[in-house]
Each structure stands twice: as C-alpha cells, then as structure tokens.
Amino acid sequence: MEVLNLTGEEMLDLLGAVEIVNFREAITNRADNYDIAFVEGSITRESEIPRLQQIREQAKIVVALGSCACIGGVNCLKNHLTMNQALQMVYGDSAKYYDTILARPISAVIRVDYYVRNCPPITSEFLKVVKALLLGRKPEIPSYPVCTECKVAGNICVFELGKTCLGPVTRAGCKAICVTGGRHCWGCRGLVDEPNINSEEEILKKYGLTVEQVVEKFKIYNTYSEVMR
Amino acid sequence: MTRVNVNVHHVTRIEGHGNLVLNAKGGKIEELRWEVPESPRFFEAMLVGRHYDDVHHIASRICGICSITHTTASIQATEAAFGIQPSEQTILLRKLLYDAELLESHVLHILFLAAPDFLGVDSVIPLAETHKDVVVMALRLKKLAYNLAETLAERKTHPLSCVVGGFAKLPDLNVLKALRKRLADAYADLDVTVGLFKTFKIPDFARETEYIALRDPKEYAFISGQIASSDAPTVSINDYLNVTNEFCVPHSTAKYTRNKRDAYMVGALARFNLNFKQLSPRAKKIAKELGISAPNHNPYMITVAQLVETYHVLDDSISLIDQILERGLKGEGNKVKPRAGRGIGVVEAPRGILFHDYVYDDRGIITKANCIIPTNQNHNNIQKDLEALVPEILDKSEDEIRLMMEMLVRAYDPCISCSTHSLNVTFT
Ligand code: SF4
Ligand code: SF4
C-alpha cells in the first residue's frame, strides 16, 4: 500500500480517479509485474539503483513523478559539496554510518517513459497522465515557457519590479502559479526543450540584472541539468 | 517453545519507510527494533549558500505534508537572524495558515491512517466501501483546509505567498468570509468523528515519558513561545540544543534525541499534556467526552488528542478570521534588510516541535543551518514504548502482536521524509 506513503495530499484525489477508471482492486494488490510504475524522488544512494532497475524490468511504463524524479530537484543542491563534506556537515562524527552519492534524476539511471513535473506535482496534471495512459494514449505536455501562461494569468512581470524570474526558460503547465502567488518562477518544471538561454540573458541585460543572480536561482531545481554542467 | 517472529518491512500508512523487527523465543525477547532506514537527506547542506529569499522555499521541501510548518519555522528563523519583528497582521495570517495545515494533517491522520485499524480494515481503500460517509467527510474537511491555505498562500503544499517579513500577496476578505461559514459548518463533521471514536476500543497501555512542546503564556502554543517539558523548567528556544541532544544510531539514518530521560515525546499528546488549560472551552468539553484528561500516558491516545486539537483549531481559525475581517488588511511593503547573525525559528508541527536554526552572513546568505524534525524526536520514544508494550502482549498471536506494534507506530503519525518512494499500479 505504497499509495498512502506516496504523495500525501494527492493520494486522496488519486482515489477519486481510481474509482472513475475502476481499477481500485489493482491498487490493493502488490503484484510482481505491473503496467505502470510511478517513481517519486531523486536517487541519492547507491542501494537505490538496483531497486530502481528492478522496477524498470517489472513495469511496462515508468513515470517520473515530481521535480526530484524528473530533473533532480532540490536534492541536487548538495552536489556542490563532496559527499564527505555533506555527510560531515549533517552527521558529524557519525558520518561513517551513511552511504550517499551525487543526487540525480531517475532518468540518469533508467529509461523513463513519461514525466509528471512540478514541485509539488499538480493533481490535475497527474490525473490527466494517468487517464491518458489507461486509455493507451500519449499524454500531452506543453513545451512553451511559463511566461506564456503568466501573461494569460494577467500577472505583472516581476522583471518590471526589479526581480529575477526563470519563467522565460521553464516549461509551462503550472499556470505560473508562483508569480500569481506574489513570487517568481524557480524553474521547478525543468527547462523547455530548446531553452533560449540568450533570451534570458537579454532580459537580464534589459533590466540591469546579472547572470549570477539567475544561476543561483537556477541551481535550486536544475543543478543536474545539461545547462549547468 | 513458542517462537514469535514479527517482521514488518515498511509499516504502511505512515509517511516514508520504517521497519519493525521482533524476535522472541519462549517468552524472551531477543530482538526488538524500530528501524528507520531512510535515505539521508541533506537539507542542512542544501541550505548553505542560499539567499534568504529562497531559503524557506527550499526548507518547505523537507516535507510535503507539513510544508507550511517548515516554511513558517524557516521564515521565523530568518526573521530572528535579521532582527525583524513581524506585524500583527502578518502574525494573524500566519496563524490562520498554520491552522489550515494542522486541520488537514490531523483529519488525514485521524480518519485515513488511524481509523482503519479500529474499523478492522487494512487501509482507506476498503473504507471507501464500508464507510463511504467517513471518507466523504474526511475529504470535505481536507478540501476546506486546502481552500483556506490556497486563499492565504496560493498553494497548500509548498505555500507561496508567505515570505520573510510578511505576505507577498494578501487574501481576499470576501473569500475569507465564505470560508468562515464553511469552518463553522465543519463542527458537525467533527462531531460525527467523535461519535465514531467513542465506539473505538483504544488499546489500554501506558508508559510515562518526558513530554516536550512549545508553551506561550498567551495561548495554546503553535507558532510562538518557549520550550516546556513535563520534567524540567521552561527554557528559551535559543537553548533548544540542550533539550534535543541529538545522537546517531547505526540502524537508522534519522538522528535520535533524548533529554531528561532516555527518550521524550513530542506532538499532539505532549501539547495536550503540557498546555491543556489553554485549549478552547469547546475542545476541553470534547476531551471530557472522549475520556481523555491531562496528563495521559497512553501513546495510543495521540490520535484522540489530535481530535481534541482539531476542535481547538476550528475555534481558533474562526476567531482569527473575525479579527482579520474586523481590522481589514493593508499592503505593508515587506522591507527586509539582511544582517549577519544567527536566528532560531520554532513551530509546533502537527507531529510535534520543529526547530530551524540558521547562521547568515551580511549579504543574507546562509553559512550554517540546522533542522530538527519532530518525527526524529519521537523515534527513540517509539522504541522505548515498544520495549514496554511487547512483553505485555507476548502471549497474543503473531498477528495481534504485529497489529498492536503497527498501531503504536501509526499513532505517532511518523512522517519520515524520503527521497525515493515508488507506487506500483497494476490493472488488467
Ligand atoms: S513574471 Fe516570470 S513567468 Fe511571468 S512573464 Fe515575467 S518572466 Fe515570465
Ligand atoms: S512558476 Fe515556476 S517554480 Fe512555480 S510551479 Fe511553475 S514552473 Fe514551478
């Protein structure tokens, strides 16, 4: 019954969906082979790798759920330290008890079929993907940037207010909720397919901001991305 | 000679992974362990180098269930470091936001995670068939808490609008007014829950331990106050390290804690035991109806204490909305001026006292961070409870023993943040 351990808030809404498509029974069964495996979280330990590979072997479809699984997410922030430094910092003299490796998204370890992005994942998007998969369709996910949705939401662009935002290079699908909530985009959905980093730089220049400011923001979810490496 | 062997790998209906191990032979316990084999998380290491404006955004992600609590503790730690005193308006909004989380978290635990044990089903899924009304009611309460949090912070999980110094966006008063009505309607649902709990047979077990919680002379403390203990005088939150005394154990990646005794308890029952007098009259009345009085030393009663607290939180949130409606809200333009120094933020998470401790440089960048979560403070107490409980029930069947042990762990509502969970779905 890992459903209950999984996404906390979202699980209840999942139950609703389970009823709709009527595979409630299946969820209570713990079978050896399954059609869809949802994997949440990034990989931070050696011992998780074989576990994940086993899931890949047993499942027809693997879906990465949430920013950590999809792009590495906030866990990768520790990657700027050596793993010994990180262990020492948290566990002090007892560091020897623990095993940790550079944090990474699950796609760095196994093949991933679909992604349910965002931190936290958005229930409606999750359900859309589940339903599409159940119907044997390919889920559609936007490939344009957050700014497009932000304008639709009627927000004032935070660059106008002298702040920085990762909306121009981040994949949409969240309706720019963070800007609507009075903040800015941190890039939790990962980059658009062909991020135009130059356009972000141009915007920065226009508003007299530095690349470093953006890089620091970018690290929060996307330390693991190609652009950072 | 009878052999008892209970091995529960991944106790279900808790957040994260935990294992129970029991080996007994001829009435003698050879092995009894509550294991927490989680992947180590490095939030402390991840916070170092971050700018104050991003710190609570990251700290929120320590836990998806109590992200409002982590955000609040984080913001308060940063404000303490910078010498910022939040406005009255900010405090009212923060308390209300906190109430939303406590309401949601308690309802989820009471009705979805703990109740199935008493109703003789193994999870909330069969419950949806046998007790559909209970599930529908829980979902209604959960939605109410969600909507309240969304109104205040745009999102319940990983809230957005609450920031260092205040709120980046203010809620709509008309929406708050409508929510007030729904909160007032929610008592009826809670009354049904109380009726249900009166029919439950709570295991009869007691082990007195040290109880630790925030205490504020002004009110039943959730996001303010100092550290109170059943065994020692109240101490300043700045001295929290002298209370938590963390230590590492090889079979668990979570750090353990102890203070005056070999272990202590935090959470709803600890708060109830220490601050009972400050509960709202209605909550006190419900406590009496449910047959719980302070102090209570039965850990299985944690869930009952949560139910009592849920009434208090409904009363509190309605009163907060009334105060907000009366004074109105105004944009306060949160000015934040970073300065070098250390700040400590303490909040009662639904599961117990939570500490965030940061050191900043003069640019507002974190140079050192520490965070002690409630679940880790309870692990050691869970172990000691098991050591007291199991000898009392060893003559029962393995199934009964397993259930009693699992129920004990679940009563604590442990939330072991985890870096990889997997959900397997099969359909044909
Ligand atoms: S606020 Fe951010 S997401 Fe919105 S338009 Fe501006 S850059 Fe794009
Ligand atoms: S606005 Fe950016 S950070 Fe916020 S949810 Fe959308 S993609 Fe994530």
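Here the structure is a predicted model, which means the values were calculated and not measured. All chains are named by letter (A, B, ...) in the order of the sequence lines, taking the proteins before the strands, and each is independently numbered beginning at 1.
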Would you give the length of the straight line joining atom NE2 of B:H158 to atom CG of A:N118, rounded to the nearest 0.5 angstrom? 9.5 Å
Atom group of A:C76 that falls short of 4.5 Å from chain B, counting heavy atoms: neither
A:I49: partners by side-chain contact (heavy atoms from CB on, under 4.5 Å), with sequence neighbours left out: A:I43, A:E46, A:Q53, A:I101, A:V109
Using side-chain contact (heavy atoms from CB on, under 4.5 Å) as the criterion, list what pairs up with B:K169, not counting sequence neighbours. A:T180, B:E154, B:S161
Can you tell me how far CG of A:L77 sits from CD1 of B:I58, rounded to the nearest 0.5 angstrom? 5.0 Å
Set out, in order, the CA-CA distance, both residues' side-chain angles and the distance that settles side chain to side chain contact (heavy atoms under 4.5 Å, CB included) for A:E216 and B:D54, then state yes or no. CA-CA 10 Å; A:E216 284 307 308; B:D54 296 327; 5.8 Å; no
Test of understanding: with salt bridge (Lys or Arg N to Asp or Glu O under 4.0 Å), list the residues that count as partners of A:R104, not counting sequence neighbours. none
Closest heavy-atom pair and its distance - B:A168, A:G182: CB-O, 3.5 Å
Should the ring pair B:H57 and A:Y221 be called parallel, tilted or perpendicular, given that the plane angle runs from 0 to 90° and is split at 30 and 60? perpendicular
Does B:L160 reach the side chain of A:H184, with side-chain heavy atoms less than 4.5 Å apart? no
Please confirm whether the backbone N or O of A:N75 pairs with a side-chain atom of B:R61, one donor and one acceptor, at under 3.5 Å? no
Counting a contact as any heavy-atom pair under 4.5 Å apart, which residues of residues 154-167 of chain A contact chain B? none
